[in-house]
Visitor: 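Let me give you the structure first, and then I'll get to my questions.
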Amino acid sequence: MKFKPIYRYFSEEHFDFSDEAAMEAYLWETRGIGNMKINLFDNKINGYVVGKHWMDVVVKMWREDIKRKLLFKHELYNDPELKDFAWWLDRVLK
């Protein structure tokens, strides 16, 4: 799953990032199979699902801020936390 590290960037480390959680998220996203209800009582929060959600929200905000000239692409490319994700920024900021 190519996007694992990106989803982790937008999520919390204490959530479930197991291989099983990755497969559950993949099946949910691609085939609608599974149950992605977040269970707060047993800490079985799928980190990939949470990360995907917040990634979508943040990217939408970035695009709007770039459009309004409140944020510049070079600021994201120069962010030390995003330096390994330049290939991904190329995709979402095209």
Visitor: Kindly say whether A21 contributes a backbone atom to a donor-acceptor pair with the side chain of N46 at under 3.5 angstrom?
Guide: yes
Visitor: Using side-chain heavy atoms (C-beta onward) and a distance below 4.5 Å, is D16 in contact with I45?
Guide: no
Visitor: With a 4.5 Å heavy-atom cut-off, do R8 and Y48 have their side chains touching?
Guide: yes
Visitor: Would you check, one step at a time, whether the test side-chain hydrogen bond (donor to acceptor under 3.5 Å, both in side chains) holds for D90 with Y77?
Guide: CA-CA 9 Å; D90 291 343; Y77 282 99; 2.5 Å; yes
Visitor: For a quick test of reading the model, state the closest non-hydrogen atom pair linking E12 to F17 and the distance between them.
Guide: O-CE1, 3.1 Å
Visitor: Who pairs with F10 by ring pair (Phe, Tyr, Trp, His ring centres under 6.0 Å), at least two apart in sequence or on another chain?
Guide: W88
Visitor: Just verifying a value: how many Å separate I6 CD1 and W87 CH2, rounded to the nearest 0.5 Å?
Guide: 3.5 Å
Visitor: Judged by atom type as modelled, is there a donor-acceptor pair below 3.5 Å linking the side chain of R63 to the main-chain atoms of V92?
Guide: yes
Visitor: Hey, what do you get for CE (M23) to CD1 (I33), rounding to the nearest 0.5 Å?
Guide: 10.5 Å
Visitor: Do the side chain of Y7 and the main chain of V49 share a donor and acceptor less than 3.5 angstrom apart?
Guide: no
Visitor: Is the side chain of S11 donor-acceptor paired with the backbone N or O of G47 at a distance under 3.5 Å, no angle test?
Guide: yes
Visitor: Quick check for you: to the nearest 0.5 Å, what is the distance between K73 atom NZ and D65 atom CG?
Guide: 13.5 Å
Visitor: Find the distance between CZ (R31) and OH (Y26) and round it off to the nearest 0.5 Å.
Guide: 5.0 Å
Visitor: Under a 4.0 Å N-O cut-off, is there an ion pair linking D56 with K52?
Guide: yes
Visitor: On a heavy-atom basis, which atom in L76 and which in L71 lie closest, and how many Å separate them?
Guide: CD1-CD2, 4.0 Å
Visitor: Does the side chain of I66 come within less than 4.5 Å of M61's, by heavy atoms?
Guide: no
Visitor: Report yes if the side chains of W62 and L70 come closer than 4.5 Å at any heavy-atom pair, otherwise no.
Guide: no
Visitor: I'd like to know if K60 and E64 make a salt bridge, using a cut-off of under 4.0 Å between side-chain N and carboxylate O.
Guide: no
